[in-house]
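First comes the structure, then the notes that go with it.
The figures here come from the full heavy-atom set of this structure, side chains too, leaving out hydrogens, waters and symmetry mates. Numbers restart at 1 for each chain; the letters A, B, ... are given by sequence-line order, proteins then strands.
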2 protein chains.
Amino acid sequence: MAESSTRTVERALVLLGAVCDAGSLSLADAAREAELSASTALRLLRTLEGTGFVRRDPLGAYRPGLRVVQLGAQALGHESLVSLAEPALERLVRQTGESAYLSVPSHDGEGVYLAMREGTHSVRHASWIGRSIPLDGTAVGAVLAGGPPAGGFVVVRDGIEADVTAIAAPVSPGGRAVAALSVVVPSYRITAVEARRFGALVAQEAAALLTPPDAHDTATTRGEPA
Amino acid sequence: MAESSTRTVERALVLLGAVCDAGSLSLADAAREAELSASTALRLLRTLEGTGFVRRDPLGAYRPGLRVVQLGAQALGHESLVSLAEPALERLVRQTGESAYLSVPSHDGEGVYLAMREGTHSVRHASWIGRSIPLDGTAVGAVLAGGPPAGGFVVVRDGIEADVTAIAAPVSPGGRAVAALSVVVPSYRITAVEARRFGALVAQEAAALLTPPDAHDTATTRGEPA
DNA sequence: CTGTAGTTTTCACTTATTGAAACGTCCTTT
DNA sequence: AAAGGACGTTTCAATAAGTGAAAACTACAG
């Protein structure tokens with residue numbers, strides 16, 4: 001039912017998230033962000049600092065530490081989806097000229113961009129890996145949260161971001177969407193017809209993503225040899 | 001003096017680190033790794049799970065969660081060093097044909113690879129972003145831990161890894177090494193003369209890395225507008 | 001010089017974390 | 001088939017450990 005969580009740890013993690021989200025945060029700001037008293041926030045941040053998860057810059061502000069970078073990079077490496085998706089993103093960029101993304105549902109009812117490939121146009125959509133995206137009113141959200149879309153893909157013109165059209169398709173092995181491929185285009189550049197063409201491409205890549213039925217990373221599972 | 005740390009949080013972070021290092025860990029293994037009782041480990045891992053820092057795979061094993069990937073990717077993006085170093089790594093690969101790395105000292109007396117560029121040779125060194133490297137007996141370690149090397153760079157032939165020669169130079173604005181650039185080559189492929197040539201290249205790039213005297217990322221500092 | 005905001009330390013309160021023990025389950029061994 | 005072992009999970013009493021108000025101290029701004 002409710003969550004059996006350790007409050008201290010939860011708070012520390014919120015703090016860590018706040019620091020990472022902001023990129024740089026003063027103690028007071030961090031405390032406010034996490035709704036903690038200054039003394040508690042200080043203590044927790046010190047712990048995070050001691051373990052390398054945050055560091056203080058010369059002005060005393062808290063910043064993400066190297067441990068975060070290290071663990072994140074490791075995790076990204078292990079994330080088989082990302083490596084699997086790279087070729088697909090590559091192809092989408094080649095075929096559409098636009099930036100292509102891989103995103104997955106996050107734990108808190110949002111989505112996260114896991115990988116991207118920049119488009120070739122000089123005016124392109126500027127987003128980035130690790131960014132959270134709301135599931136409401138976005139193409140990615142529609143395919144991640146909702147059931148399988150009608151034509152296999154979703155087009156959202158001028159959703160949360162004006163002047164931008166997003167085209168997304170679900171990666172759903174066995175029905176449930178575990179990820180989304182998407183292409184994001186400045187709206188002025190795309191017609192309804194072309195959007196459908198792109199949609200078909202995205203849907204095709206998304207469908208093909210997990211079809212090669214091999215066990216890709218069973219090697220590193222469960223402890224080491226003796 | 002000693003560290004004023006919250007034990008609970010420290011333990012949880014150790015657990016998180018263990019899971020990320022292993023890529024996949026059973027509860028019992030994680031508990032052993034962190035030297036915790038099973039019940040404590042379970043409770044803490046549940047907290048980490050609830051916040052998205054770890055997730056359980058279908059077999060019940062713990063794996064790094066999306067939050068880790070997200071925060072790590074964000075941090076990597078903010079890490080100005082990485083973006084600054086990209087062109088330098090690129091150039092090193094072009095000039096040497098070998099894999100080039102950016103690494104920084106970690107909090108625990110080790111180093112971490114932050115960025116790399118793969119070499120063009122078909123036989124190349126396989127390492128990866130986020131990997132820890134000992135500071136003893138490595139070229140990177142020598143420049144990160146020790147003072148400024150004699151010729152501006154360090155060559156270590158067959159250090160911890162046999163058959164591999166590493167050439168590293170420190171990025172040290174104002175004396176202290178904050179990072180290292182390095183090139184790693186299969187030993188059979190490189191002569192002493194060429195090693196010196198590479199060394200000069202690496203040293204040159206390392207020295208130039210932080211010279212453009214501009215404040216590169218003051219923009220995102222300290223909260224948002226109003 | 002006075003006032004406001006931030007960072008840090010201290011300390012008494014008590015809440016929230018802890019780990020041994022017990023239980024059920026799923027394998028492996030005999 | 002039965003015994004043994006390892007794992008995941010739950011419970012619960014003991015107490016270790018986290019908490020936040022307040023005060024001290026610093027740094028600015030008016």
Side-chain angles (χ1 to χ4, degrees), chain A residues 1-19 22-51 53-65 218 220-226, chain B residues 1-19 22-51 53-65 218 220-226:
Chain A
M1 7 183 0
E3 49 270 41
S4 73
S5 287
T6 54
R7 188 173 60 147
T8 319
V9 175
E10 257 184 354
R11 289 173 160 186
L13 294 177
V14 169
L15 233 15
L16 177 61
V19 169
S24 173
L25 223 50
S26 73
L27 168 63
D29 285 340
R32 259 188 297 275
E33 200 77 33
E35 299 182 321
L36 293 174
S37 74
S39 48
T40 300
L42 178 65
R43 210 170 336 105
L44 260 24
L45 281 170
R46 284 222 176 110
T47 305
L48 291 171
E49 189 187 359
T51 49
F53 279 82
V54 307
R55 78 200 135 94
R56 310 200 70 168
D57 66 16
L59 302 95
Y62 289 93
R63 288 170 172 265
T218 49
T220 53
T221 323
R222 291 244 163 178
E224 29 234 292
Chain B
M1 308 305 90
E3 48 272 43
S4 69
S5 287
T6 54
R7 189 173 60 147
T8 319
V9 175
E10 258 185 352
R11 288 173 160 185
L13 294 177
V14 169
L15 233 16
L16 177 61
V19 169
S24 173
L25 223 51
S26 72
L27 168 64
D29 285 340
R32 258 188 298 275
E33 200 78 33
E35 297 181 322
L36 293 174
S37 74
S39 49
T40 300
L42 177 64
R43 211 168 337 102
L44 294 179
L45 282 170
R46 283 219 178 115
T47 305
L48 291 170
E49 188 186 0
T51 49
F53 280 81
V54 306
R55 79 201 134 94
R56 311 199 71 168
D57 66 14
L59 302 93
Y62 290 93
R63 289 171 171 264
T218 48
T220 52
T221 323
R222 292 244 164 177
E224 30 235 291

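Comparing the axis of the opening five pairs of the helix from C:dT8-D:dA23 to C:dT30-D:dA1 with that of the closing five pairs yields an angle of 50°, rounded to 10°.
Between the CZ atom of A:Arg7 and the C1' atom of D:dA17 there is a distance of 11 Å, given to the nearest Å. Rounded to whole Å, atom P of D:dC7 lies 12 Å from atom CG of B:Leu25. With rounding to whole Å, A:Arg43 atom CZ is found 6 Å from D:dG18 atom C1'. Across the protein-nucleic acid pair, A:Arg11 atom CZ and D:dG18 atom P stand 12 Å apart, rounded to whole Å. In this structure, A:Glu35 places its CD atom 12 Å from P of D:dG20, rounding to the nearest Å. In this entry the distance linking CD of B:Glu49 with P of D:dG8 reads 13 Å, nearest Å. Remark: C1' of D:dC12 and CG of B:Leu42 are 16 Å apart, rounded to the nearest angstrom.
Toward the 5' end of DNA chain C, the nearer of the two residues A:Arg56 and B:Thr40, judged by each one's closest nucleotide, is A:Arg56.
Judged by atom type and distance alone, B:Ser39 reaches the base of C:dG19 through a side-chain donor-acceptor pair under 3.5 Å.
Side-chain contact, A:Thr47 with B:Thr6: a donor N or O sits under 3.5 Å from an acceptor N or O.
At the heavy-atom level, B:Ser37 lies under 4.0 Å from base atoms of the strands shown.
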